[in-house]
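Worth knowing before you read on, the calculation uses all heavy atoms, side chains too, and leaves out hydrogens, waters and symmetry mates.
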Amino acid sequence: MNTVLSRANSLFAFSLSVMAALTFGCFITTAFKDRIVPVDIHVSRVMLENVEDFTGPRERSDLGFITFDLNADLQPIFDWNVKQLFIYLSAEYATKSNTLNQVVLWDKIILRGDNPKLSLKEMKSKYFFFDDGNGLKGNRNITLTLSWNVVPNAGILPLVTGSGHISVPFPDTYKTTMSY
């Protein structure tokens, strides 16, 4: 009546359905968990240069350098469904030409089993802080925030912003270091 292949197909389809239901059940147990933790960011130095921009003839752009301290305990985020965290420090600011500029300054991947407590002192930007013009010079409202992507074993990839941020004023002149 039923061949071996049809029975194997039925068993395989049933097994996939059960695994899909179990995966969804695993996802739903952590889907609504609050993953926001307090973050403490302190900026100790800011320096600004006007450098040659190689995207156009005789163009110059602002290049900022930031030295910062970062403290955060990311342990409450980790549960059985978190594989890793991709954390990054970003700067947001407005200029005359753009209402919103976002630049990633530093990032790190924390795997399950790694130390999730961040206590970083005198860190420098990992990536260049370029502006596409002269929007950093004299800008009084550059906001640094720490955000992270939670990489789960099963489920969606949420983007979370920490509960602490800091606004940093940039110097009015080039090659000037401001200490805080």
Determine, stepwise, if the pair Trp148 / Ile77 fulfils side chain to side chain contact (heavy atoms under 4.5 Å, CB included).
CA-CA 10 Å; Trp148 49 86; Ile77 298 172; 3.4 Å; yes
Under the criterion side chain to side chain contact (heavy atoms under 4.5 Å, CB included), I'd like the reasoning laid out for Asn9 against Leu11: C-alpha separation, chi angles, the key distance, then a yes or no.
CA-CA 5 Å; Asn9 184 31; Leu11 181 63; over 6 Å; no
Distance (rounded to the nearest 0.5 Å) between [X] [atom1] and [Y] [atom2]:
X	Y	atom1	atom2	value
Asp131	Leu63	CG	CG	10.5 Å
Ile142	Thr95	CD1	OG1	10.0 Å
His165	Leu146	NE2	CG	13.0 Å
Trp106	Tyr88	CH2	OH	12.5 Å
Leu120	Leu70	CG	CG	5.0 Å
Asn134	Lys96	CG	NZ	9.5 Å

N-O pairing of [X] and [Y] below 4.0 Å:
X	Y	result
Asp114	Lys108	no
Asp172	Arg140	yes
Glu49	Lys175	yes

Identify the two heavy atoms, one from [X] and one from [Y], that lie closest to each other, and give their separation to 0.1 Å.
X	Y	result
Phe27	Ile156	CE1-N, 3.8 Å
Gly135	Asp62	N-OD2, 3.5 Å
Pro152	Leu157	CD-CD1, 4.1 Å
Gln75	Pro116	OE1-CG, 2.9 Å
Leu136	Gly64	CD1-N, 3.8 Å
Val160	Arg35	CG1-O, 3.4 Å

Assess whether side chain to side chain contact (heavy atoms under 4.5 Å, CB included) is satisfied between Phe86 and Ile110, documenting all intermediate values.
CA-CA 6 Å; Phe86 175 75; Ile110 300 178; over 6 Å; no
Under 3.5 Å, is there a donor-acceptor pair between the side chain of Asn71 and the main chain of Val39?
no
Under 3.5 Å, is there a donor-acceptor pair between the side chain of Ser125 and the main chain of Phe128?
no
Could you please spell out the steps behind the side chain to side chain contact (heavy atoms under 4.5 Å, CB included) verdict for Lys124 and Arg45?
CA-CA 9 Å; Lys124 295 187 181 356; Arg45 258 189 322 270; 3.7 Å; yes
Would you call [X] and [Y] a side-chain contact if the rule is heavy atoms closer than 4.5 Å?
X	Y	result
Thr29	Trp80	yes
Val37	Leu74	yes
Asp69	Ile41	no
Thr67	Val43	no
Asn149	Leu85	no
Tyr93	Asn139	yes
Glu122	Ser44	yes
Lys126	Asp107	yes

More than 12 heavy atoms of other residues, nucleotides or ligands under 6.0 Å from NZ of Lys117: yes or no?
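No.
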Is there a donor in the side chain of Asp79 and an acceptor in the side chain of Thr30, or the other way round, less than 3.5 Å apart?
no
With distance as the sole criterion, is a donor-acceptor pair present between the side chains of Ser90 and Thr145 under 3.5 Å?
yes
Under 4.5 Å between side-chain heavy atoms, counting indirect links through other Ile/Leu/Val/Met/Phe/Trp/Tyr residues: same cluster for Ile36 and Ile166 or not?
yes
When hydrophobic residues are tied together by side-chain contacts of less than 4.5 Å, even through go-betweens, does Ile109 share a cluster with Val104?
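Yes: a chain of side-chain contacts under 4.5 Å links Ile109 to Val104.
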Would you confirm whether the ring centroid of Phe65 sits within less than 6.0 angstrom of the ring centroid of Phe170?
no
